[in-house]
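Each remark here refers to the structure printed beneath this line.
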Amino acid sequence: MPELPEVEIIRLGLSKLIIGKTIKNVSYDWDKSFPNEQGLVKASLMSAKVSAVKRRGKVLIIDLSTKHSLVIHLKMTGQLVFRGKLEHFGAGHPSNSLVGKLPDKSTRVTINFTDGSNLYFNDQRKFGWMRLVKSSDITSIELIKTFGPEPLEAGFSWQSFRDRLKLRPNAAIKTGLLDQKIIAGVGNIYADESLWAAKIHPLTQINMLSNENLELLHKSLIDVLRLAIKSGGSTDRNYVNAKGQRGSYIKIAKVFRREGLTCPRCGHEIKKIRVAGRGTHLCTYCQRLKIAKISK
DNA sequence: CACTTGACCTGTCCGC
DNA sequence: TGCGGACAGGTCAAGT
């Protein structure tokens, strides 16, 4: 579920809420949500102080004073919600709150801090996980070591974007955008939105795209991700920030989940197709498919 | 190899 | 209302 913007918002929120707090206890009722050995958890989590909250792609990293880090992947429906001492319900405006009293039936892991506050890892579909690893090992974790560059970092030029994509010249451009080895952090929503912004059909073969196309897609992707962060992320179903509040990007989305409605650019109907096994939204009028000329 | 499908899970929505 | 099936923002393993 959460893509780069959503994880970044959670990171920003948690930075303000839990840095400096000391962990008192951790409990979980779904083993796969926290596949660690009990011994390591006891030794390196209890009494650990939170020193930093980081992000790499869609992965959240909570650094602890014990030289260990909690690595968290929220997958489709994961949520990380902080609640203060005796605060069972969110403090946000009720209409903006998607999460009620915690813990609830989706709570997989609960982290108690010594000041009485709690961090809840909720995950309806149980795909997400958190793991405790040595902080020095983070970059060698199987998942993270294969990640491509961060699209919002300064060094991410359109030329490097092009060069990364050309690693899969025959793949559909949407497949390339979703490949975390090519770029880290893009998921289904922002792939569709940035392809619409750049007027590129999601099935276009990467090697069919001109430099002009790629330069515009690079800019569109960055703009879309930044706007999403500014809008508080996308709450399609489950996503909430660290305070349990929804994001509003979905209200300003151009194509995502808008099949049957009109394209805000040309007025034609937005269609939904399948690309790489994922629901894909586009305007077939302004996102034309470029077909290779067959050389005889 | 590169690409597709199924698995991991629960919940919701839609058609009958 | 009830039931079956399709589908949901992600990733990995297995199959073609």
Side-chain angles (χ1 to χ4, degrees), chain A residues 1-10 28-35 55-60 71-80 98-100 104-109 121-131 141-148 165-195 202-207 221 224-225 228-229 231-241 246-260 272-281:
Chain A
M1 136 213 206
E3 306 179 25
L4 185 154
E6 289 75 26
V7 180
E8 179 63 13
I9 292 158
I10 292 170
Y28 42 96
D29 59 8
W30 182 253
D31 290 349
K32 290 178 185 173
S33 291
F34 203 151
R55 177 189 62 75
R56 179 79 173 95
K58 300 171 191 170
V59 174
L60 197 73
V71 179
I72 305 167
H73 201 307
L74 300 170
K75 290 285 181 83
M76 304 277 258
T77 55
Q79 304 171 326
L80 276 173
L98 196 61
V99 187
D104 66 19
K105 63 177 177 179
S106 295
T107 303
R108 309 301 172 204
V109 183
F121 174 38
N122 270 29
D123 185 18
Q124 180 186 100
R125 290 175 73 179
K126 299 180 173 175
F127 290 171
W129 45 259
M130 60 170 70
R131 269 186 303 206
I141 290 174
E142 204 56 41
L143 178 72
I144 293 177
K145 77 177 178 193
T146 61
F147 278 178
L165 285 171
K166 298 280 175 167
L167 297 173
R168 298 186 63 176
N170 300 315
I173 182 60
K174 176 160 177 178
T175 307
L177 288 176
L178 292 176
D179 185 343
Q180 304 299 298
K181 298 187 219 32
I182 292 180
I183 328 152
V186 182
N188 208 32
I189 298 176
Y190 303 113
D192 284 3
E193 290 290 295
S194 57
L195 287 166
L203 284 170
T204 313
Q205 254 186 7
I206 287 171
N207 62 12
L221 177 61
V224 161
L225 294 175
I229 292 173
S231 312
S234 296
T235 299
D236 186 27
R237 286 185 163 76
N238 295 273
Y239 166 74
V240 290
N241 67 17
R246 304 161 183 270
S248 66
Y249 182 88
I250 218 80
K251 289 182 198 153
I252 57 170
K254 302 295 197 289
V255 286
F256 188 78
R257 287 267 159 155
R258 298 190 76 248
E259 62 271 28
K272 186 172 180 184
I273 62 172
R274 281 197 102 69
V275 178
R278 320 292 306 278
T280 298
H281 312 76

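Because the structure is a prediction, the values reported are computed rather than measured. Proteins get letters first, then strands, A, B, ... in listed order; numbering begins at 1 in each.
Using a 4.0 Å cut-off, no side-chain N or O of A:His73 falls inside it from OP1 or OP2 of C:dG10. A close approach under 4.0 Å does occur between a side-chain nitrogen or oxygen of A:Lys126 and OP1 or OP2 of B:dT10. OP1 or OP2 of B:dC9 has at least one side-chain nitrogen or oxygen of A:Lys32 nearer than 4.0 Å.
Not counting sequence neighbours, A:Thr204 has no partner by the side chain to side chain donor-acceptor pair (under 3.5 Å) test. In this structure A:Lys145 satisfies the salt bridge (Lys or Arg N to Asp or Glu O under 4.0 Å) test together with A:Glu142, sequence neighbours excluded. With sequence neighbours excluded, the residues forming a side chain to side chain donor-acceptor pair (under 3.5 Å) with A:Asp104 are A:Thr107, A:Asn122, listed by chain and number. Partners of A:Gln205 according to the side chain to side chain donor-acceptor pair (under 3.5 Å) rule, which considers only residues two or more places apart in sequence or in another chain, do not exist here. Listed by chain and residue number, A:Val59, A:His73, A:Trp129, A:Ile141, A:Phe147 satisfy the side-chain contact (heavy atoms from CB on, under 4.5 Å) test with A:Leu143 (two or more places apart in sequence, or in another chain). For A:Tyr190, the side chain to side chain donor-acceptor pair (under 3.5 Å) criterion is met by A:Glu6, A:Ser234, not counting sequence neighbours. Contacts of A:Arg168 classified as salt bridge (Lys or Arg N to Asp or Glu O under 4.0 Å), with partners at least two apart in sequence or in another chain: A:Asp179. For the salt bridge (Lys or Arg N to Asp or Glu O under 4.0 Å) test, residues two or more places apart in sequence or in another chain that qualify with A:Arg56 are A:Glu150. In this structure A:Lys174 satisfies the salt bridge (Lys or Arg N to Asp or Glu O under 4.0 Å) test together with A:Asp192, sequence neighbours excluded.
Projected onto DNA chain C by closest heavy-atom contact, A:Gln180 and A:Arg125 fall at different nucleotides, the more 5' of which corresponds to A:Arg125.
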Restricting to nitrogen or oxygen on both sides, can you table the protein-nucleotides 11-15 of chain B pairs closer than 3.5 Å?
| residue | atom | partner | partner atom | Å |
| --- | --- | --- | --- | --- |
| B:dG11 | O4' | A:Gln124 | OE1 | 3.3 |

Please produce a list of atom pairs where a protein N or O lies less than 3.5 Å from an N or O of nucleotides 1-4 of chain B.
| residue | atom | partner | partner atom | Å |
| --- | --- | --- | --- | --- |
| B:dC3 | OP1 | A:Ala171 | N | 3.4 |
| B:dC3 | OP2 | A:Arg168 | NH2 | 3.1 |

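The CE-P distance, from A:Met130 to C:dG10, rounds to 19 Å in whole Å. Atom CZ in A:Arg274 sits about 10 Å away from atom P in B:dT5, given to the nearest Å. A:Lys58 places its NZ atom 10 Å from the P atom of C:dC12, with the value rounded to the nearest Å. Separating the OH atom of A:Tyr239 from the P atom of C:dA8 is a distance of 21 Å, rounded to the nearest angstrom. Spacing between atom CD of A:Glu259 and atom C1' of C:dA6 amounts to 14 Å, rounded to whole angstrom units. In this structure, the CG atom of A:Asp29 is 12 Å from the P atom of B:dT10, given to the nearest Å. Straight-line distance from the CG atom of A:Leu60 to the C1' atom of C:dG10: 16 Å, rounded to whole Å. The interatomic distance linking A:Lys272 (NZ) with C:dC7 (C1') rounds to 7 Å, in whole Å.
In this structure, A:Trp30 reaches the sugar-phosphate backbone alone: every heavy-atom distance under 4.0 Å involves primed, P, OP1 or OP2 atoms, never a base. Within the nucleic acid shown, A:Leu178 has no heavy atom closer than 4.0 Å to any nucleic acid atom. Note on A:Gly277: nothing from the nucleic acid sits closer than 4.0 angstrom, heavy atoms only. Nucleic acid contact for A:Asn188: sugar-phosphate only, since backbone atoms but no base atoms lie under 4.0 Å from a heavy atom of the residue. If you check every strand for non-hydrogen atoms under 4.0 Å, A:Lys181 touches nothing.
One N or O on the side chain of A:Lys58 and one on the backbone of A:Val186 form a donor-acceptor pair closer than 3.5 Å. Side-chain atoms of A:Glu193 come within 3.5 Å of backbone atoms of A:Lys254 as a donor-acceptor pair (strictly under, hydrogens ignored).
In this structure, A:Phe127 counts as stacked on the base of B:dC8 under the 5.5 Å centre distance and 30° plane angle limits.
Side-chain contact between A:Ile250 and A:Thr235 is absent, with no heavy-atom pair separated by less than 4.5 Å. Taking the side chain as every heavy atom from C-beta outward, A:Arg257 and A:Asp236 approach each other to under 4.5 Å.
Using atom P as the reference point in both C:dT11 and B:dC1, the two lie 24 Å apart (nearest Å). When the P atom is compared between B:dC9 and C:dA14, the two are found 16 Å apart, to the nearest whole Å. The separation of C:dA6 from B:dT5, taken at their C1' atoms, amounts to 16 Å, rounded to a whole angstrom. Nucleotides B:dG6 and C:dG5 have their P atoms positioned 15 Å apart, rounded to a whole Å.
Consecutive Watson-Crick or G-U pairing (both distances under 3.5 Å) extending over three or more pairs maps onto DNA chain C as B:2-8 with C:10-16, B:10-16 with C:2-8.
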